[in-house]
Chemist: 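Before anything else, here's the structure in question.
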Amino acid sequence: MGQRNRLQYIILGLLSQRAQTGYDLTRAFDHEIGEFWQASHSQIYPLLQRLETGGDITHEDLITGEKLAKKQYELTPQGRTKLNAWISEPSPELTATKDDFILKLYFIKSADDPRLAPMIAEQLQLHRDQVEHLQARRQTVFPTDDAIQAAYGHYLILEHAIERETHYVAWLERQAATNH
């Protein structure tokens, strides 16, 4: 399934939680969803139009201030059915990650390559920072058991991300120790 096809389900899922503006949806990709999926403003807004044309979402014009109108989108029953069908489908494919660092490593031919140690050091710092960020998000978003139960799937994703990054840091630390 292409990324554009998956993006429609992410938007439907976000709208299943509450009605939102395009701006709200874009911000979700900067924060929560951005931990595991990226989408830009230029992808989200045209897709909102297609989903509305297709009958999966509808909008209401909200007036803020004196004249500013915002479209607040919500799921239609058809959109909810489509989202539920997608969630219920099996997910039999492993999706390759797009990691530039790993791709660059593929082309390093020798442990003596002078580019290797700085590359590893840079990634080590980035992934340590990411672990710290994710742990802070867990503290903020899930401070109680009730918060965990209210958004359990989101909690599982955050836990997965913390474990993934922690293991990545451990691997990078081993590589840094052997490639200094």
Chemist: Side chains of residues 104-111: which donor-acceptor pairs under 3.5 Å do they make with residues two or more places apart or in other chains?
Modeler:
{"from": "S110", "atom 1": "OG", "to": "D112", "atom 2": "N", "distance (Å)": "3.0"}

Chemist: Taking the side chain as everything from C-beta on, heavy atoms only, tell me whether R128 gets closer than 4.5 Å to V169.
Modeler: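 Sidechains of V169 and R128: in contact.
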Chemist: Return the orientation label for the W171 and F101 ring planes: parallel under 30°, perpendicular over 60°, tilted otherwise.
Modeler: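 If you compare the ring of W171 with that of F101, the planes turn out perpendicular.
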Chemist: What distance separates I120 CD1 from T178 OG1, expressed to the nearest 0.5 Å?
Modeler: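 Taking CD1 in I120 and OG1 in T178, the distance rounds to 6.5 Å.
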Chemist: Below 4.5 Å, heavy atoms only, C-beta onward: do I44 and F29 meet side chain to side chain?
Modeler: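 Side-chain contact under 4.5 Å: yes.
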Chemist: How long is the gap from CD1 on I87 to NZ on K82, to the nearest 0.5 Å?
Modeler: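 Rounded to the nearest 0.5 Å, the CD1-NZ separation comes to 13.0 Å.
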Chemist: Any link between Y168 and L134 through a network of hydrophobic side chains (Ile, Leu, Val, Met, Phe, Trp, Tyr) touching at under 4.5 Å?
Modeler: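 No, Y168 and L134 fall in different hydrophobic clusters.
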Chemist: Below 4.5 Å, heavy atoms only, C-beta onward: do W86 and N5 meet side chain to side chain?
Modeler: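 Contact flag for W86/N5 side chains = no.
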Chemist: Do T21 and K71 touch side chain to side chain, with heavy atoms closer than 4.5 Å?
Modeler: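 A side-chain contact is absent here, since even the closest heavy-atom pair is not under 4.5 Å.
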Chemist: Between the side chain of Q20 and the main-chain N/O of L14, is any donor-acceptor distance below 3.5 Å?
Modeler: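 Side chain of Q20 to backbone of L14: a pair is present.
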Chemist: Is it true that a side-chain atom of S16 and a backbone atom of G13 form a donor plus acceptor pair closer than 3.5 Å?
Modeler: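 Indeed, once roles are kept as given, a pair shorter than 3.5 Å links the two residues.
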Chemist: Within the structure provided, determine whether D129 and Q125 are in side-chain contact (heavy-atom separation under 4.5 Å).
Modeler: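 Yes, side chains in contact.
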Chemist: Looking only at atom types and distance, does a side-chain atom of E52 sit under 3.5 Å from a main-chain N or O of H59, one as donor and one as acceptor?
Modeler: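 Yes, because the side chain of E52 sits within donor-acceptor range (under 3.5 Å) of the backbone of H59.
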Chemist: Taking the side chain from T76 and the backbone from G55, do they hold a donor-acceptor pair closer than 3.5 Å?
Modeler: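 Yes, the answer is positive, given that a donor and an acceptor are paired below the 3.5 Å cut-off.
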Chemist: Answer yes or no: is there a side-chain heavy-atom contact under 4.5 Å between V131 and H127?
Modeler: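 SC-SC contact between V131 and H127 ruled out.
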Chemist: Could you state the interatomic distance from CD (Q38) to CD1 (I10), rounded to the nearest 0.5 Å?
Modeler: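 The distance works out to 10.0 Å.
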Chemist: Does CD in E132 sit with more than 12 non-hydrogen atoms of other residues, nucleotides or ligands closer than 6.0 Å?
Modeler: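 No.
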Chemist: Looking at Y45 and Y23, would you say the former's side chain and the latter's main chain have a donor-acceptor pair under 3.5 Å?
Modeler: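 Pair found, side chain donor or acceptor close to backbone of Y23.
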Chemist: Compare all side-chain heavy atoms of V141 with those of H154 and state whether any distance is below 4.5 angstrom.
Modeler: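 Yes, at least one pair of side-chain atoms sits under 4.5 Å.
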Chemist: Take Y73 and D56, measure what side-chain hydrogen bond (donor to acceptor under 3.5 Å, both in side chains) needs, and give me the verdict at the end.
Modeler: CA-CA 10 Å; Y73 296 93; D56 296 325; over 6 Å; no
Chemist: Restricting to non-hydrogen atoms, name the atom on A176 and the atom on L124 that form the minimum distance, rounded to 0.1 Å.
Modeler: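 Smallest heavy-atom distance, with atoms named: CB-CD2, 4.5 Å.
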Chemist: Would you say M119 ends up clustered with L126 if hydrophobic residues are merged whenever their side chains have heavy atoms under 4.5 Å apart, either directly or through other cluster members?
Modeler: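 L126 and M119: separate clusters.
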Chemist: Measure the CD1-CD1 distance between I11 and I57 for me, rounded to the nearest 0.5 Å.
Modeler: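 Rounded to the nearest 0.5 Å, the CD1-CD1 separation comes to 7.5 Å.
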Chemist: Compare every heavy atom of G22 with every heavy atom of L48, then report the nearest pair and how far apart it is.
Modeler: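 Nearest pair, atom of L48 first, then G22: CD1-CA, 3.9 Å.
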Chemist: Taking the side chain from Q43 and the backbone from S40, do they hold a donor-acceptor pair closer than 3.5 Å?
Modeler: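 Yes; judged by distance alone, with no hydrogens or angles, the pair exists.
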Chemist: If only side-chain N and O atoms count, and only distance matters, is there a donor-acceptor pair under 3.5 Å linking D145 with Q149?
Modeler: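 Absent: no donor and acceptor within the cut-off.
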Chemist: Let me confirm one number: the CD-CG distance from Q72 to L62, rounded to the nearest 0.5 Å.
Modeler: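 Reported to 0.5 Å precision, the distance equals 4.5 Å.
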Chemist: Once you round to the nearest 0.5 Å, how far does OG1 of T144 lie from CD1 of I148?
Modeler: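 Result: 7.0 Å between the selected atoms.
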Chemist: Does G54 offer a backbone N or O that forms a donor-acceptor pair with the side chain of Q78 under 3.5 Å?
Modeler: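 Looks like yes, one N/O pair under 3.5 Å.
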Chemist: Go through the steps to decide whether L15 and E74 satisfy the test side-chain contact (heavy atoms from CB on, under 4.5 Å), and finish with yes or no.
Modeler: CA-CA 6 Å; L15 292 175; E74 62 184 342; 5.8 Å; no
Chemist: Side chains of Y155 and E159: closer than 4.5 Å at any heavy-atom pair?
Modeler: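 Counting from C-beta outward, Y155 and E159 do come under 4.5 Å.
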